[in-house]
Amino acid sequence: MYPLIDPQTATGITKALLDSTQKQLSRVPNLYRAMANSPKTLGAYLEFRAALQGGLLDKAMCERIALLTAQLNDCDYCVAAHHFRGGKLGLSAEDLAHTRMGQSDSPKIHAALVFVEALVKGQGAVAASTLNTVAQAGWSADELGEMVGHVALNVFSNYFKQVAKPELDFPAAPALGLAASPALHA
């Protein structure tokens with residue numbers, strides 16, 4: 001496990017980055033405290049995150065992308081964080097569970113989740129039929145670009161968590177259960 005940098009005792013650029021984290025998130029999660037061991041890494045992550053804020057995708061869709069990406073990457077920390085944040089944004093327990101399975105009752109959101117899942121599982125390669133389906137569902141090229149950006153940002157944090165293994169400091173997300181797990185697309 002990486003050491004967690006204490007925002008109260010950090011100095012220099014590390015202190016500034018952790019203060020920026022506090023400002024953006026109203027807290028400094030353990031994942032960010034672990035990233036602070038490399039100020040360049042934390043700085044790049046925060047800049048990438050800030051650049052995607054306020055785009056065309058609403059906050060709920062951004063959280064759905066983050067949650068599904070974390071689920072697909074088997075990142076329990078990020079699943080917990082985005083499950084928690086999604087709930088704070090008003091997504092129901094059912095919406096959150098469906099998102100983790102790549103599903104939605106909304107055809108437009110469902111098409112986006114299928115696209116995100118294809119993007120993650122295909123390591124960036126997405127079939128033309130999936131691109132056609134998501135476009136026909138009403139997502140613009142600009143919105144798809146933002147989806148790719150959000151997937152990349154979340155793969156970054158998922159992979160960092162898998163290496164750093166910070167202690168979970170969010171409520172654990174509920175288990176999907178054996179019946180729900182196979183619902184992820186093949």
Side-chain angles (χ1 to χ4, degrees), residues 21 24-25 29 31-32 35 41-163 170 173 176 180-186:
T21 300
Q24 281 187 29
L25 302 177
L31 180 66
Y32 293 67
M35 270 190 206
T41 299
L42 179 56
Y45 181 79
L46 292 174
E47 285 181 30
F48 192 3
R49 185 181 181 285
L52 289 171
Q53 299 297 310
L56 295 173
L57 301 177
D58 66 29
K59 289 181 180 184
M61 190 67 224
C62 296
E63 285 305 316
R64 287 178 191 270
I65 294 167
L67 182 57
L68 179 55
T69 302
Q71 184 70 40
L72 292 167
N73 284 322
D74 198 27
C75 181
D76 60 339
Y77 185 98
C78 297
V79 167
H82 294 293
H83 189 277
F84 177 78
R85 177 128 167 90
K88 292 285 188 190
L89 290 173
L91 293 173
S92 70
E94 183 178 36
D95 287 337
L96 293 166
H98 284 167
T99 295
R100 289 172 64 192
M101 294 182 287
Q103 302 172 357
S104 175
D105 292 336
S106 160
K108 185 174 183 179
I109 292 171
H110 182 78
L113 295 175
V114 169
F115 171 71
V116 166
E117 185 170 338
L119 190 65
V120 173
K121 286 185 171 182
Q123 298 176 320
V126 178
S129 60
T130 302
L131 288 172
N132 289 336
T133 299
V134 74
Q136 288 173 355
W139 296 101
S140 70
D142 194 355
E143 290 167 320
L144 291 178
E146 284 186 22
M147 287 181 202
V148 172
H150 281 280
V151 167
L153 175 70
N154 287 284
V155 166
F156 183 167
S157 62
N158 297 169
Y159 284 14
F160 193 90
K161 179 275 172 187
Q162 302 296 34
V163 171
F170 290 94
L176 286 177
S181 297
L184 285 172
H185 302 99

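No hydrogens, no waters, no symmetry mates; every other heavy atom, side chains included, goes into these values. Along the sequence shown, the residues carry numbers beginning at 1.
For the side-chain contact (heavy atoms from CB on, under 4.5 Å) test, residues two or more places apart in sequence or in another chain that qualify with S106 are S104, K108, I109.
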Solution key, residues 41-48 side-chain donor-acceptor pairs under 3.5 Å, sequence neighbours excluded:
from	atom 1	to	atom 2	distance (Å)
T41	OG1	S38	OG	2.8

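Here the side chains of Q71 and L176 are in contact, with some heavy-atom distance below 4.5 Å. Between L52 and L153 the shortest side-chain heavy-atom distance falls below 4.5 Å. For the pair L113 and Q103, the minimum side-chain heavy-atom distance is 4.5 Å or more. Put simply, the side chain of W139 reaches to within 4.5 Å of the side chain of M61, judged on heavy atoms. Under the 4.5 Å side-chain criterion, counting only non-hydrogen atoms from C-beta, F115 is not in contact with I65. The side-chain heavy atoms of P29 and T21, taken from C-beta on, include a pair separated by under 4.5 Å. Looking at heavy atoms from C-beta onward, V134 lies out of side-chain contact with V114 at the 4.5 angstrom threshold.
Of the inter-residue distances, the one linking M147 atom CE with D142 atom CG reads 10.5 Å to the nearest 0.5 angstrom. For the atom pair CG of L131 and CG of L144, the computed distance is 7.0 Å after rounding to the nearest 0.5 Å. To the nearest 0.5 angstrom, N154 atom CG is 9.5 Å from L67 atom CG. Rounding to the nearest 0.5 Å places CG of D95 at 11.5 Å from CG of L89.
For the pair E146 (side chain) and G55 (backbone), a donor-acceptor distance under 3.5 Å is absent. A donor-acceptor pair under 3.5 Å is absent between the side-chain atoms of Q24 and the main chain of R49, judged by distance alone.
Listed here is the closest heavy atom pair of V79 and A173: CG1-CB, 3.6 Å. In terms of heavy atoms, E143 sits closest to G138 at OE1-O, 3.8 Å. Taking each heavy atom of G87 and L96 in turn, the nearest pair found is N-CD1, 4.0 Å. Contact detail for L31 and S157: the closest heavy-atom pair is CD2-CB, 3.9 Å. Residue T130 comes nearest to A118 through the heavy atom pair CG2-CB, 4.1 Å, listed as atom of the first residue, atom of the second, then distance.
With a 6.0 Å radius and a threshold of 12 heavy atoms from other residues, nucleotides or ligands, N132 has its CG atom above the threshold.
For residues 50-67, every residue pair satisfying the side chain to side chain donor-acceptor pair (under 3.5 Å) rule, not counting sequence neighbours, is listed here: E63-H82, E63-R85, R64-T99.
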